[in-house]
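Each remark here refers to the structure printed beneath this line.
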Amino acid sequence: MTLHEEIRELAAERNAVILAHNYQWSDVQDVADFVGDSLGLSLEAQSTPADTIVFCGVHFMAESAKVLNPTKKVLLPNLAAGCSLADSITAASLTEWKERYPDHTVVTYVNSTAEVKALSDICCTSANAVSVVRSLPNDKILFTPDRNLGRWVAEQVPEKTVVIYDGCCPIHDIMRGADMRKTIEAAGKDTIVIAHPECRQDVVELADEVCSTTAMMGVPAKYPEAKTFIIATENGIIHQLRKRYPGREFVMADGCIGCRLHCPYMKVTTLEDVKNALVNLEHEVTVPEDDLVGARRSLERMLAVPRDN
Ligand code: 13P
């Protein structure tokens, strides 16, 4: 029996659902019941009838699954799956910012801990950030922790004043417009550029489409004439794009087969880890009761807002 088959058998025995983010290794994506972006995974976690959720992503995502469905057992196959963006804001630093901007509504990207979500008014993902900010009655927004997503949202919603925290995802923030221009030139005519809104402004300005990873999956269908797509996000997304559009060419935006666009946290989880998670029912994610209630309020408010894309 292959490792993939063993995992599927174990998942059935345990009545477990395997959720995987678009940035996971391709063999981990292939063993999952559902592959998606942060928003899609939260919705799946919220509605799953399974007893156990094996979350192949990073810690904050598994924590959100627990917050949204606290009676389920949520397992993170590898405890080293952190997120440097989530770590860039703490409860203490957010409290200090809230004191500096007391009349602002706090919008927090889901790439944050449950403790930080609990101190926020509402969450957002890259798939609904613009709609979330637009939906708020207050015109003064404190956006945390991603400065690039915050800038993108502020541009789309100019009627609001958006104060932006100074965190970033190093994988997206490393890309530069100058490199992107070279990649576009090398790709030639009929090329479409797709960028994640966590990219810097000089990269986003060169993009034809700016969207979440799952929304990226729909882009090639919108451009039937385009031959090549340049992708400015973590390299795991290429697997799903190639599966869905076998005749199209996908090129990573860093011009070096995505070696710089490789998230060490997303890629720490292996197929072996997924099997061990199911065999040993490890590592169970827990959220302190104090954070759970507030984080759930912020996440549920977000889920009531429709997707941007
Ligand atoms: P998505 O919202 O597309 O899942 O992106 C999540 C993320 O962490 C990007 O770095």
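Remember, predicted model here, so these are calculated numbers, not experimental data. When reading the values below, keep in mind they use all heavy atoms of this one structure, side chains included, and skip hydrogens, waters and symmetry mates. Note that ligands are numbered from 1 as they come in the structure, with each ligand's atoms numbered from 1 the same way.
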Original post:
With atoms numbered from 1 as shown, which atoms in ligand 1 lie under 4.0 angstrom from a non-hydrogen atom of Thr213?
Top reply: 1 (P), 3 (O), 4 (O)
**OP:** Please work out whether the ring planes of His172 and His196 are parallel, tilted or perpendicular, with thresholds of 30° and 60°.
**Re:** tilted
Subject >> Atom pair CE (Met216) and CG (Asn22), whose distance is rounded to the nearest 0.5 Å >> reply: 9.0 Å
Subject >> Under-4.0 Å heavy-atom contact with ligand 1, by part of Glu198 that carries it >> reply: side chain
Subject >> Per-atom contacts, ligand 1 versus Ser212 - under 4.0 Å to a heavy atom >> reply: 3 (O)
Original post:
What are the atoms of ligand 1, with element, lying closer than 4.0 Å to any heavy atom of His196?
Top reply: 1 (P), 3 (O), 5 (O), 9 (C)
**OP:** Output, in order, the C-alpha distance, side-chain angles, deciding distance and verdict of side-chain hydrogen bond (donor to acceptor under 3.5 Å, both in side chains) for Ser131 and Asp308.
**Re:** CA-CA 6 Å; Ser131 303; Asp308 299 338; 2.4 Å; yes
**OP:** Considering only NZ, NE, NH1 and NH2 on the basic side and carboxylate oxygens on the acidic side, decide whether Arg181 and Glu185 come within less than 4.0 Å.
**Re:** no
Subject >> Glu198: partners by salt bridge (charged side-chain N to carboxylate O under 4.0 Å, His left out), with sequence neighbours left out >> reply: none
Subject >> Carboxylate-amine/guanidinium proximity below 4.0 Å for Lys222 and Asp208 >> reply: no
**OP:** Could you tell me whether Lys140 and Asp103 have a side-chain N and a carboxylate O separated by less than 4.0 Å?
**Re:** yes
Original post:
Would Glu234 count as a contact of ligand 1 if the rule is a heavy atom under 4.0 Å away?
Top reply: no
Original post:
What about Thr125: any of its N or O atoms under 3.5 Å from an N or O on ligand 1?
Top reply: no
Original post:
Of all the non-hydrogen atoms in the protein, which one sits nearest to atom 8 (O) of ligand 1, and at what distance?
Top reply: Asn111 ND2, 3.0 Å
Original post:
Does ligand 1 have an atom that lies less than 4.0 angstrom from a heavy atom of Met266?
Top reply: no
Original post:
Applying a 4.0 Å heavy-atom criterion (strictly less than), which segment of Asn22 is in contact with ligand 1: side chain, backbone, both, or neither?
Top reply: neither
Original post:
Asp37 heavy atoms, cut-off 4.0 Å: which ligand 1 atoms fall inside?
Top reply: 1 (P), 3 (O), 4 (O)
**OP:** Would you check whether Ser126 has a nitrogen or oxygen atom less than 3.5 angstrom from a nitrogen or oxygen atom of ligand 1?
**Re:** yes
Subject >> Pick from Met216, His172, His21, Met61: the one approaching atom 4 (O) of ligand 1 most closely through a non-hydrogen atom >> reply: His21
**OP:** Salt-bridge test for Arg151 and Asp146: reply yes if a basic N is under 4.0 Å from a carboxylate O, no otherwise.
**Re:** no
**OP:** Please write down residue, atom name and distance for the protein heavy atom closest to atom 6 (C) of ligand 1.
**Re:** Ser38 OG, 3.4 Å
**OP:** Kindly compute the distance separating CG (Asp37) from CE (Met61), expressed to the nearest 0.5 Å.
**Re:** 8.5 Å
